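This report concerns only the one structure given below.
Note that this is a predicted model, so its numbers are computed, not measured. All values below were derived from every heavy atom in this structure, side-chain atoms included, with hydrogens, water molecules and symmetry-related copies excluded.
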Amino acid sequence: MRSGQRSAGILVSGVRVLISGVLCVLMVEQPMVAAASVKKTASATQIQGEQRVLHALNRFTFGPRPGDVASVQALGLKTWFERQLNPQSIDDSAFEARLAMFPAMQMEQAQLLQRYPSPGAVRQMVAKNEPLPTDPVEHAIYAYQIASLKAAKEKKEEKAAAGNEGGTGLLRSDGSIDKGNREMKGNTALPGDGVDPSTPAMKTHEEQFYSGLDAVRVINLPPDQRFHRILAMSPEEQIAFRKDLSNSDRMAEVEGLSPIQRETLEVLQGGSPKMVGAELLETRMLRDIYSERQLEAVMTDFWLNHFNVYLRKNQDEPFLLPTYEREVIRAHALGKFEDLLVATAQSPAMLMYLDNWQSIGPDSIAATNGGKLAKLIQNPQAKQAVKDRGLNENYARELMELHTLGVQCEVSADRPAKKLDKACGRGYTQQDVTQVAEVLTGWTIDQPNRMGTYRFEERRHEPGTKTVLGKKIGENGEGEGLEVLHMLATSPATAQFISTKLAVRFVSDTPPQSLVDRMAKTFVASHGDIKAVLRTMFNSPEFWSTEIYRAKVKTPEEFVVSAVRASGAEVTTAIPLFQALDKLGMPLYGMQTPNGYSWMAEPWVNSGDLVNRLNFAVSLSSDRIGGVETDWARLLGETGSAKPPAAGGLAGESAMEKEKKLEAVLLGQAVSDRTRETVLTQFQDQATQQLAEKKFGIRTNEPEPMAQVLNVASSKQRPRPPIDREAAGIAGLLLGSPEFQRR
């Protein structure tokens, strides 16, 4: 109760209350009570009827959309689940059409880096004085980014000369130019300046861009001419051209362009890291919202969290993550765990994040026979310190503790390994961690400055026999690592650890041990078949216990995505949605430590975070989240109205009637009397709307080119009806209710 009372104080703003303290109290209390009850043996009482379908949709998808319950009932729940276990059998062409507007996210890693170079690749090009590509598009992209690099470096040097050692670094974190860098020094020479940017593709245009840039004239050109004219500008002209563009000008700049042309202009405006990072986050949000292959999306999210990689590890990491998500995680999300484990171990994204790409065996050729470390040795006394510095144990430690066996437990005479608790894994020691690190020396990245692929480098590998968990690993180069990964992937301790994490994600914060044991048994018997483990969970009586129903508290990601799905909203840009996750404390790829985000309620159930969720829900329902449009009149009309709704609302329907319909469409069930009373007394409160807008309304300052490219949801293509304010207010409070917070 104390947390609920504190939340009531937070809800007061000026002279009005944001929303009744009842909702916040219920959000804190009810999930806790539900989670606590699961500690008992699962009840024999089973979820029945429509609730059974709702339960499956709330656990195996990012939340039901309007009409999903009826569709699953018509198909049959077991048939639907089996189809979800085999995502390739599901037509996802509608989502793939949306994905087509993000060409960079479909490129192979080498192709992505060639067209949109990382900061590391740009620096290497400058250092080696390499010529720019002759392809006009790539020439413009490289020239802009090299100019940005040099401008930032010059500014840093100027500050240092003036006595300010802080500087700005080589590039800003988003890859864009600092606002102070409007002018380039006249003597700044660029590699490849001898290449004429006016290639044959551009020669059909009028004169080269002239001094005194005429932005309006350029923007009014036909799309292809506009694109090539902008491409022909020098980096200095690029900056000057955009200096005074309004938001409407920026939207006009990309209107009519193809997706890859739009990407190119975004890079010329803000750099490759900003564009690649934004598209990575945007496609992730859109997949969660729109993909019909929902279980695949949920499991991709689960494994991305389990094998966590931090987006801002460095400026190059964003360029590795698209391939990591697509070819490593999603490709193995419903396959064999060992395949997934090996794929992550060899992924450049993981190798860079946990530093294994730099690990060098103390007695390897690289360290002792002319390698870089060997050259640092000035005397015999320094040799051991240099050799120790070459071995990096970060990945080996997380591989055992977070990826496979679980929490490390100390082995002692009083607590031998064979008597350790299941939660303690195999009782591995620090020596085991060191031995695994030595086994994995040489697992590195080819051409790391250019974000290359995985390769095994024998010169870095530690020679000799190793001992891991009591087993001798004979000298076998790369094969040693595969042998250890197999041993870890097939360990009963790993089966228990992975099954427990899956049960916490899909069942409850304190899953019944009987269920976990059954899942772990399937894991071992099926050699880590993830589908088989999920099928065991689905067919277990514990999963369908009434005590499990609505017992899980949604994470911020689950809450935001489920709210958009439940509302049937049309998303024309997902940028404000992943910005909302930042405000809610769960940025995508934003967990800096390798343990990932928690699936349990405790980190997400506090008064401040719950108020932020309420504010998001009210902003979403009132169309205060940029790029996301709701249509409550249409939604209400689809849920039982005999007549088409009038523009702006359902004429003649009372607030109570709308509220009951919205309960059905948003939650699939009735809310408590206390929740309903609060909603009906607060939905017209203007203070609620205003404070929600102030606290959480997100209107992106970036242009929204997606509507221009996608042929969906553009205001030019679909007239926007007046919003049903009454329905919007009710819907916002229902989306913020304790019933919707749980799944």
Side-chain angles (χ1 to χ4, degrees), residues 27-28 30-39 42 55-63 284 288 294-310 329 333-334 337 340 398 401-407 422-423 494-513 515-516 519-520 523 530 533-534 536-538 540 542-543 545 547-563 581 584-606 609-610 613 738 740-743:
M27 273 188 265
V28 174
Q30 291 186 13
M32 295 300 192
V33 172
S37 69
V38 178
K39 294 181 181 178
H55 181 60
L57 286 168
N58 273 310
R59 299 305 173 91
F60 296 119
T61 79
F62 278 103
R284 170 95 173 266
D288 291 351
Q294 277 289 291
L295 181 55
E296 180 185 63
V298 168
M299 287 303 298
T300 297
D301 181 61
F302 175 85
W303 293 120
L304 283 171
N305 196 60
H306 183 80
F307 296 103
N308 180 54
V309 171
Y310 180 50
I329 301 297
L334 290 165
F337 178 76
L340 174 59
E398 309 309 347
E401 180 175 329
L402 298 177
H403 297 172
T404 56
L405 301 179
V407 177
K422 288 180 179 178
T494 297
Q496 275 284 329
F497 183 62
I498 299 300
S499 296
T500 300
K501 287 197 73 172
L502 285 168
V504 168
R505 166 60 180 81
F506 288 100
V507 184
S508 79
D509 289 5
T510 53
Q513 189 60 47
L515 172 61
V516 174
M519 293 167 64
F523 188 104
I530 299 165
V533 175
L534 291 175
T536 294
M537 180 176 63
F538 180 85
S540 295
E542 295 93 333
F543 180 76
S545 167
E547 292 177 340
I548 300 297
Y549 188 65
R550 298 280 188 180
K552 287 289 296 180
V553 174
K554 294 176 181 178
T555 65
E557 180 189 4
E558 292 165 345
F559 167 68
V560 167
V561 177
S562 65
L581 290 180
L584 290 169
M586 194 181 183
L588 295 177
Y589 297 107
M591 188 65 169
Q592 188 170 358
T593 54
N595 54 305
Y597 294 112
S598 174
W599 298 117
M600 297 186 181
E602 185 178 1
W604 312 115
V605 178
N606 64 75
D609 289 342
L610 293 174
R613 293 192 186 202
F740 191 81
Q741 297 295 324
R742 291 180 281 123
R743 60 177 181 86

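- Closest heavy-atom contact between Ser499 and Val533: OG-CG1, 4.4 Å.
- At least one side-chain heavy atom of Ile498 sits less than 4.5 Å from a side-chain heavy atom of His306.
- Between the side chain of Lys552 and the backbone N or O of Ala601 there is no donor-acceptor pair closer than 3.5 Å.
- Arg505 approaches Arg59 most closely through the heavy-atom pair NH1-O, 3.7 Å.
- Considering every non-hydrogen atom in both Ile530 and Trp303, the closest pair reads CD1-CZ2, 3.6 Å.
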Apply side-chain contact (heavy atoms from CB on, under 4.5 Å) to Leu57 and Gln294, showing your working.
CA-CA 9 Å; Leu57 286 168; Gln294 277 289 291; over 6 Å; no

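- Rounding to the nearest 0.5 Å places CG of Leu304 at 9.5 Å from CG of Leu588.
- Of the residues His403, Glu398, Glu401, the one that meets the side chain to side chain contact (heavy atoms under 4.5 Å, CB included) test with Pro594 is Glu398.
- The two atoms that bring Trp604 and Asp609 nearest to each other are O-CB, 4.1 Å, heavy atoms only.
- Taking 4.5 Å as the limit, every side-chain heavy atom of Glu602 sits out of range of all side-chain heavy atoms of Asp509.
- Note that the CE atom of Met519 and the CG atom of Leu502 stand 5.0 Å from one another [nearest 0.5 Å].
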Can Glu542 and Gln513 be said to form a side-chain contact (heavy atoms from CB on, under 4.5 Å), step by step?
CA-CA 10 Å; Glu542 295 93 333; Gln513 189 60 47; over 6 Å; no

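- Taking CG from Leu515 and CD1 from Ile548, the interatomic distance works out to 8.0 Å, rounded to the nearest 0.5 Å.
- Separating the CZ atom in Phe307 from the CG atom in Leu340 is a distance of 4.5 Å, to the nearest 0.5 Å.
- Between the side chain of Asn308 and the backbone N or O of Met591 there is at least one donor-acceptor pair closer than 3.5 Å.
- For the atom pair CG of Leu405 and CZ of Phe497, the computed distance is 9.0 Å after rounding to the nearest 0.5 Å.
- A side-chain donor-acceptor contact under 3.5 Å links Ser562 to the backbone of Phe559.
- No donor-acceptor distance shorter than 3.5 angstrom exists from the side chain of Ser540 to the backbone of Phe543, with no hydrogens or angles considered.
- With a 4.5 Å cut-off on side-chain heavy atoms, Val516 and Val507 do not count as touching.
- The two atoms that bring Arg613 and Lys554 nearest to each other are NH2-O, 2.7 Å, heavy atoms only.
- Judged by distance alone, with hydrogens and angles left aside, the side-chain atoms of Lys501 form no donor-acceptor pair with the main-chain N or O of Phe302 at under 3.5 Å.
- The side-chain heavy atoms of Phe62 and Glu557, taken from C-beta on, include a pair separated by under 4.5 Å.
- Put simply, the side chain of Tyr597 does not reach to within 4.5 Å of the side chain of Thr555, judged on heavy atoms.
- Taking each heavy atom of Phe506 and Met299 in turn, the nearest pair found is CZ-SD, 3.5 Å.
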